[in-house]
Number of protein chains: 2
Amino acid sequence: MTRESVTIMDVAREAGVSKSAAARVLARNGSASATTHERVMKAAAFLGYRPNQLARSMKSGATNTIGIVVPDVIIPFFSAILRGVADNARAAGFEVLVSNTDNDPDIEERSLELFAEKRVDGIAIAPVFQQDPRAILRLADEGMPVVLLDRRMTGLEHLPLVSVDHVDAAEKAVAALADLGHERIALLAESAPALARLQELAESSSSHPHLSLLRPSAQRIIGYLRAIKRHGIELDEDLIIHSGYTTTSAQEAVERFLASGIEATALHATNAVLTSGAYRGIRSRGLSVPEDMSFIGFDDQEWTTMVQPEVTVVEQPSQQLGATAATVLTNLVRGAAADPLEHLLEAELLMRDSTASRVRPSIRLA
Amino acid sequence: MTRESVTIMDVAREAGVSKSAAARVLARNGSASATTHERVMKAAAFLGYRPNQLARSMKSGATNTIGIVVPDVIIPFFSAILRGVADNARAAGFEVLVSNTDNDPDIEERSLELFAEKRVDGIAIAPVFQQDPRAILRLADEGMPVVLLDRRMTGLEHLPLVSVDHVDAAEKAVAALADLGHERIALLAESAPALARLQELAESSSSHPHLSLLRPSAQRIIGYLRAIKRHGIELDEDLIIHSGYTTTSAQEAVERFLASGIEATALHATNAVLTSGAYRGIRSRGLSVPEDMSFIGFDDQEWTTMVQPEVTVVEQPSQQLGATAATVLTNLVRGAAADPLEHLLEAELLMRDSTASRVRPSIRLA
DNA sequence: GTGAAAGCGCTAACAC
DNA sequence: GTGTTAGCGCTTTCAC
């Protein structure tokens with residue numbers, strides 16, 4: 001970088017005043033006479049002066065920059081969050097530094113470290129799931145404002161979280177299916193934690209404080225359990241299909257399920273990736289939606305309205321998530337407390353045409 | 001920010017050496033005795049020392065940060081670019097600052113200014129189309145390394161560009177259609193510049209230096225013109241459908257076209273948004289693909305393989321675009337020249353099932 | 001090999 | 001109202 005910039009000193013010289021006089025008018029604080037003001041402004045414009053925020057940051061201790069770390073900005077959910085964060089951050093006077101972790105704890109740790117070294121004023125992070133989130137913890141302990149996105153894990157209970165209400169989201173979808181008369185409702189979920197434990201949690205009051213410590217996928221299973229219980233449907237564990245977090249894995253899981261002979265008249269897939277896979281699986285088995293099976297997906301991906309019939313989905317307000325996170329974070333940076341500690345945004349059920357009411361077998365045979 | 005960090009001075013004190021001794025070992029340059037080295041490292045680890053990159057940047061003049069400015073990271077094309085840039089930048093030791101312009105020249109200018117004030121080492125930008133790109137120009141003139149993404153405009157001829165070969169991309173799609181026997185091939189394009197001028201350019205040698213100054217949409221029209229010419233098909237201007245850059249606008253344009261009675265057996269849409277709209281338009285008119293009309297879209301969006309039959313598309317290597325841009329930019333930052341000035345990445349035709357060979361009317365009637 | 005000291009560009013006391 | 005000065009945390013001559 002041979003490019004040398006014009007400093008406040010140059011402006012002062014050009015204007016024929018002292019460095020501090022120039023500084024006062026350029027930082028628009030302190031007082032200055034009208035003439036000084038004018039001469040400095042003129043000199044600055046003439047020289048093309050551009051304040052060096054590095055130097056300002058050194059003095060002030062603030063960089064007006066926040067960092068956001070997500071698994072992968074290519075995933076629409078995260079790019080929407082990023083957009084929300086960026087918009088609100090900018091409105092509050094912050095720029096944003098991004099990092100993709102690919103769910104690798106080491107990359108996450110390295111990113112956090114780099115952001116800290118660059119002295120970002122705060123960090124919004126969709127953390128990688130892990131036993132011991134010490135990198136995040138350490139930063140937070142040192143006083144770095146941190147807000148969690150979408151997920152939280154043990155050890156991070158004291159950090160603010162901005163997330164969709166995953167329990168409620170799944171509950172809405174399953175309840176809609178039940179309302180249509182379905183009783184054999186399958187659920188395609190990513191994780192496979194002890195169901196017994198989840199059932200216990202499902203029974204507890206809806207504001208159970210530990211729910212947010214579960215993975216989103218587990219929270220969605222709880223939503224399922226609550227919905228069927230509320231509709232007087234008994235749990236059949238065979239209806240809970242597990243799958244890895246890839247379209248192919250989901251498709252195969254659904255195909256296997258459909259081939260198993262286990263009866264089900266409806267299916268809810270609990271995240272965007274699983275939704276694509278599930279839809280492909282249903283179709284590859286030659287079934288039609290909603291005639292053979294009612295289907296509710298997750299996330300309003302474009303394809304859900306390109307296929308016919310259009311797919312009913314639970315939509316999460318992703319961009320709003322980012323916007324909220326940015327607001328919480330900038331408040332934190334400004335010294336305000338994070339209150340409430342948890343922002344649970346509501347998902348919305350977009351009823352389209354992949355769901356049909358379940359005609360009772362007896363009636364259907366008549 | 002009451003959080004006070006441990007400085008190199010603290011480490012030096014703890015290690016019982018001078019500030020400069022500590023600095024030498026922590027910046028791993030200069031020489032230090034084994035004992036000094038060890039004591040400093042130990043002290044640093046003990047105190048949890050974290051180098052202040054702000055201070056380093058002040059000295060070195062480099063921030064190891066680049067900025068990327070795009071219209072909107074929610075658009076898959078740009079989030080893929082961002083990912084490509086981020087990956088390569090990180091590998092080269094840079095972090096990345098993002099900005100969304102929503103194609104607003106004022107926001108673009110403001111972003112560039114802010115990035116410059118933060119002293120980024122370089123900028124990758126998908127510029128807003130405008131007559132007078134002075135903000136970019138000013139920065140570049142001042143010595144800021146800049147690489148253009150996807151587009152270039154008059155006045156920026158001297159800046160490096162990383163883009164897909166738009167002419168070739170459209171040419172591939174239209175040629176594929178022509179190879180299938182289609183002679184009445186419609187093109188859905190965003191812009192509507194003087195066709196005569198484009199035809200002139202289409203005739204000129206393929207390496208015409210001014211092609212990259214046209215908007216991508218205009219370049220795609222040139223690809224169309226070249227393809228039909230090469231296949232001995234005469235231009236019928238009625239086959240070039242114009243549309244605004246929204247799904248609805250595209251859908252309406254296609255519906256209008258289909259209702260007009262103008263004969264066409266194939267259609268190519270020249271960008272992702274228009275592709276969605278066109279597909280919707282074809283379907284809303286009750287036509288089926290590829291029986292009634294062959295269709296080739298642009299960009300490999302997920303829905304193109306969710307619908308049936310799956311849609312043939314021209315895919316641009318978006319992430320690779322970002323990766324290349326980052327490489328060019330970091331080289332520029334390191335003082336190397338941008339050579340070549342233009343990186344034109346090749347798009348790939350993904351043949352799927354929305355294209356059928358055109359049976360000649362005479363044969364069809366037999 | 002090591003320490004003292006200057007300085008990157010800026011702001012904020014502090015005297016005048 | 002204005003100028004002088006110290007200092008943010010670091011690197012880097014420069015003597016020793």
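Computed over heavy atoms, backbone and side chain alike; hydrogens, waters and symmetry mates excluded.
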With sugar-phosphate taken as primed atoms, P, OP1 and OP2 and all else as base, the protein-contact string of nucleotides 10-16 of chain D at under 4.0 Å (heavy atoms; B, S, -) is BBB----
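Interface limits on DNA chain C: the 5'-most and 3'-most nucleotides within less than 4.0 Å of chain B heavy atoms are dG1(C) to dG9(C).
By the side chain to side chain donor-acceptor pair (under 3.5 Å) test, Q316(B) pairs with D299(B), sequence neighbours left out. In this view, R134(B) and E109(B), D132(B) satisfy the salt bridge (charged side-chain N to carboxylate O under 4.0 Å, His left out) rule, not counting sequence neighbours. Partners of E108(B) by salt bridge (charged side-chain N to carboxylate O under 4.0 Å, His left out), not counting sequence neighbours: none found. Residues passing the side-chain contact (heavy atoms from CB on, under 4.5 Å) test with S18(B) are S20(B), A21(B), sequence neighbours excluded. Remark: R90(A) engages S99(B), S111(B) in a side chain to side chain donor-acceptor pair (under 3.5 Å) (not counting sequence neighbours). Annotation: side-chain contact (heavy atoms from CB on, under 4.5 Å) contacts of H343(B) (sequence neighbours excluded): V162(B), T324(B), V328(B), P340(B), L345(B). Not counting sequence neighbours, D104(B) has no partner by the salt bridge (charged side-chain N to carboxylate O under 4.0 Å, His left out) test. With sequence neighbours excluded, the residues forming a salt bridge (charged side-chain N to carboxylate O under 4.0 Å, His left out) with E38(B) are K42(B), listed by chain and number.
Between Q53(A) and T63(A), every side-chain heavy-atom pair lies at or beyond the 4.5 Å cut-off.
Heavy-atom nearest nucleotides on DNA chain C were determined for L54(A) and for G16(B), and the one closer to the 5' end corresponds to G16(B).
Contacts of T36(A) with the nucleic acid, taken as non-hydrogen atoms under 4.0 Å apart, involve only primed sugar atoms and P, OP1 or OP2.
Axis angle between the ends of the helix from dG1(C)-dC16(D) to dC16(C)-dG1(D), five pairs each and rounded to 10 degrees, works out to 50°.
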Give every donor-acceptor pair under 3.5 Å between a side-chain atom in residues 73-85 of chain A and any protein atom, sequence neighbours left out.
residue: S79(A); atom: OG; partner: P76(A); partner atom: O; Å: 3.2
residue: R83(A); atom: NE; partner: D72(B); partner atom: OD1; Å: 2.9
residue: R83(A); atom: NH1; partner: D87(A); partner atom: OD1; Å: 2.5
residue: R83(A); atom: NH1; partner: D87(A); partner atom: OD2; Å: 2.9
residue: R83(A); atom: NH2; partner: D102(B); partner atom: OD1; Å: 2.3
residue: R83(A); atom: NH2; partner: D102(B); partner atom: OD2; Å: 2.8

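The shortest distance between the side-chain N/O atoms of S33(A) and the OP1/OP2 oxygens of dT2(D) is below 4.0 Å.
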